[in-house]
Number of protein chains: 2
Amino acid sequence: MDKLLAMKTFVQIVDRGSLTAAAEVLDRSLPSVVRSLASLEDALSTRLLNRTTRRIALTDEGRHYLERCRGILADIEEAELALTAQQREPSGLLRVTAPVTFGQMHVAQSITRFLEHFERVQIELLLLDRVVNMVEEGIDVAIRIGQLNDSSMIATPVGQIRQVVCANPKLLKHTGVPERPEELSHHDCLRFTGIAPGTTWHFVEKGKQLSVQVAGSFMCNQAIATTEACAASIGFGLFLSYQVEPLVKEGKLKIVLEDFEPAPVPVSVVYPHAKLMSTRVRVFVDWMAQELRQVFRDANP
Amino acid sequence: MDKLLAMKTFVQIVDRGSLTAAAEVLDRSLPSVVRSLASLEDALSTRLLNRTTRRIALTDEGRHYLERCRGILADIEEAELALTAQQREPSGLLRVTAPVTFGQMHVAQSITRFLEHFERVQIELLLLDRVVNMVEEGIDVAIRIGQLNDSSMIATPVGQIRQVVCANPKLLKHTGVPERPEELSHHDCLRFTGIAPGTTWHFVEKGKQLSVQVAGSFMCNQAIATTEACAASIGFGLFLSYQVEPLVKEGKLKIVLEDFEPAPVPVSVVYPHAKLMSTRVRVFVDWMAQELRQVFRDANP
DNA sequence: AAACATTACTCCGTTTATCGGAGTAGTTAA
DNA sequence: TTAACTACTCCGATAAACGGAGTAATGTTT
């Protein structure tokens, strides 16, 4: 027995004054209305309505239960309206994650502009240089740099980022600019564990994969710290281009081995589902994808 | 989709932390729990839970809807508990009707004793000398004197009342005591319309029906008024024995034609249904039946 | 008083919804 | 890397609910 339907039926019977009228209003057959009421009374072990063929009258218990039913049905309708209202205009909390440096450079500003447009949305931005578990950590949207390993997520591609090897110009003046990736095995190589936690760096030569074992004494999980260490040190480093862009412009780092660059890394806006996503997730994903695509167009005219 | 069941399911999933655990608690199969949740989300056009094979996490909408569900389910349980509590101990209002004189003489006292026993019951006693429509008039229990014509009601018989013809002794001294019912057609007969609204009075002679046409100038719907008019007048009256018992004891009325008395009238405690009757109706009916049976035993030892 | 219209209710064959087992795919822990 | 556990889908079977037809009762109209 559908108790909710039975409650609605009971309320309609009383309001309309007959089972026949209630059946019409509910667009159901009279027998089903009769059964609904009888089932509810059985479930409650209580007679709610005294009735003859032409009259109905609430029992005392029925009167009290009726008011409770009205309250409950109103609450249910309100709960559903609340969800519907949330769907029309983006509102509520969004939890967004992005890699630290990329987030600071591009995502934060875009979020600020987004929030100016959509005043009823709040965004919590988590800048992390590790792979997050979106479901477990309650993340709505992630800016993901790298291949997407999670098949249950949906990725909206927005661009690609070059992987570059850099060194301090003074070092290069001293050692000479390496002409092939294999030469790196003879140099101190700093490792940013967020991108390349292992000791094998990958390159491409004329379309073919090329791997080089590297070694070095400095490893860090923080991009900025690693890029600055590279700019101040005697070593080489493998970074994403946006991570070193400011230091390159300042002349503190120089990109080398450009003819052997590995495949660029895709950048995506990632979210758990397409189905039944909330309005603010959908609106935010569309907005951020558009903003980031413009960022990449600006970076590569 | 059973939305109530779906709400309960949703709450259990969150509380237990998995669909599998919720299925166990609800004693349902896992596929049915999966479908329940999915149906609810479809109905609401809203994702309530993000989930992978090993994790679940509430969405923001899901969190809000969850709290509303808890409130709604609590209200429903409370509404049902209220009915159950009412059923264990008789409480609430009872509306009882009885014929005026009989009610005054026997029913009111019994009700007083009943209310001393059951402190949470209120009784509204309606003393009426007419047939009431119990459903229409919201009557829970009626003390009915006469044959029950209403097949939807249930009658608990408690006794029988003689129908007697009476007259003022002075009158009888003047006209002589009638020896046969037919003689009444030559006398003034007062009519109490609550018992015999028509002009035909019925008698029984040696098991056979006997009808007599009577006439008179005084008719009234109030028993006491009619019996007192009979005691003060020159006429005969047809009454129920309990109606004239005090006046007979005082010598103000005398019963005649006792050999021709019609069949006694049954007295019953009447209520609309046996099924799903409230506790106080059941308890009251049992009580009143017992009390009235004792009244009849006392009247006919 | 009788006839008529309307209402509540029951029965039964049909339809629809829901069920759970089996199996698949994915994720996390050992 | 393997095993265990979880969410989910599919499909044949089962159960619940359906509405039409009919019955009985009640109140209104003639």
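In what follows, every chain begins at residue 1, and chains take the letters A, B, ... in the order their sequences are listed.
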Exercise. Output the distance between atom CZ (A/Arg51) and atom CG (A/Leu49), rounded to the nearest 0.5 Å.
Key: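 Going from the CZ atom of A/Arg51 to the CG atom of A/Leu49 covers 5.5 Å.
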
Self-check item: Point-to-point distance, once rounded to the nearest 0.5 Å, from OG of A/Ser32 to CG of A/Leu37
Solution: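 Interatomic distance, A/Ser32 OG to A/Leu37 CG, rounded to 0.5 Å: 11.5 Å.
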
Practice problem: Would you confirm whether B/Asp140, through its side chain, and B/Arg95, through its main-chain N or O, come within 3.5 Å as a donor-acceptor pair? | Solution: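 A pair under 3.5 Å: yes.
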
Below 4.0 Å: OP1/OP2 of [N] and any side-chain N or O of [X]:
| X | N | value |
| --- | --- | --- |
| A/Arg51 | D/dA25 | no |
| B/Ser32 | C/dG20 | yes |
| A/Arg54 | C/dA8 | no |
| B/Ser29 | C/dC19 | no |

Quiz item: Would you call B/Val270 and B/Val141 a side-chain contact if the rule is heavy atoms closer than 4.5 Å?
Solution: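 Result no, sub-4.5 Å side-chain heavy-atom pair not found.
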
Rounded to whole angstroms, how far apart are [atom1] on [X] and [atom2] on [N]?
| X | N | atom1 | atom2 | result |
| --- | --- | --- | --- | --- |
| B/Ile13 | D/dT6 | CD1 | P | 14 Å |
| A/Leu19 | C/dT6 | CG | P | 17 Å |
| B/Leu30 | C/dG20 | CG | P | 10 Å |
| B/Asn50 | D/dT6 | CG | P | 19 Å |
| A/Met1 | C/dA17 | CE | P | 19 Å |
| A/Asp27 | D/dC18 | CG | P | 12 Å |
| A/Arg47 | C/dA8 | CZ | P | 14 Å |
| A/Leu49 | C/dC9 | CG | P | 9 Å |

Is [X] salt-bridged to [Y], cutoff N-O under 4.0 Å?
| X | Y | value |
| --- | --- | --- |
| A/Arg35 | A/Glu41 | no |
| B/Arg68 | A/Glu80 | no |
| B/Arg280 | A/Glu61 | yes |
| B/Arg70 | B/Asp15 | yes |

Exercise. Begin with the C-alpha distance, continue with both residues' side-chain angles, and end with the deciding distance and a verdict on side chain to side chain contact (heavy atoms under 4.5 Å, CB included) for A/Leu127 and A/Phe102.
Key: CA-CA 9 Å; A/Leu127 296 177; A/Phe102 190 84; over 6 Å; no

Quiz item: Given that A/Ile56 and B/Arg55 both sit by DNA chain C, which one's nearest nucleotide is further toward the 5' end?
Solution: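 Its nucleotide being nearer the 5' end, the pick is A/Ile56.
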
Exercise. Give the angle between the helix axes at the two ends of the helix from C/dA1-D/dT30 to C/dA30-D/dT1, taking five base pairs at each end and rounding to 10°.
Key: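 About 30°, once rounded to a multiple of 10°.
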
Quiz item: Do B/Thr97 and B/Arg144 have a side chain donor and acceptor closer than 3.5 Å?
Solution: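 Per modelled atom types, B/Thr97 and B/Arg144 side chains form no pair under 3.5 Å.
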
Practice problem: Select one nucleotide: of D/dT26, D/dT6, C/dT28, the one nearest the side-chain heavy atoms of A/Thr53. | Solution: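 Nearest to the side-chain atoms of A/Thr53, counting from C-beta on, is D/dT26.
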
Self-check item: Selected nucleotide, minimal atom distance to A/Thr52 side chain, candidates D/dA7, D/dT26, D/dC18
Solution: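 The closest nucleotide is D/dT26.
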
Restricting to nitrogen or oxygen on both sides, can you table the protein-nucleotides 11-13 of chain C pairs closer than 3.5 Å?
none

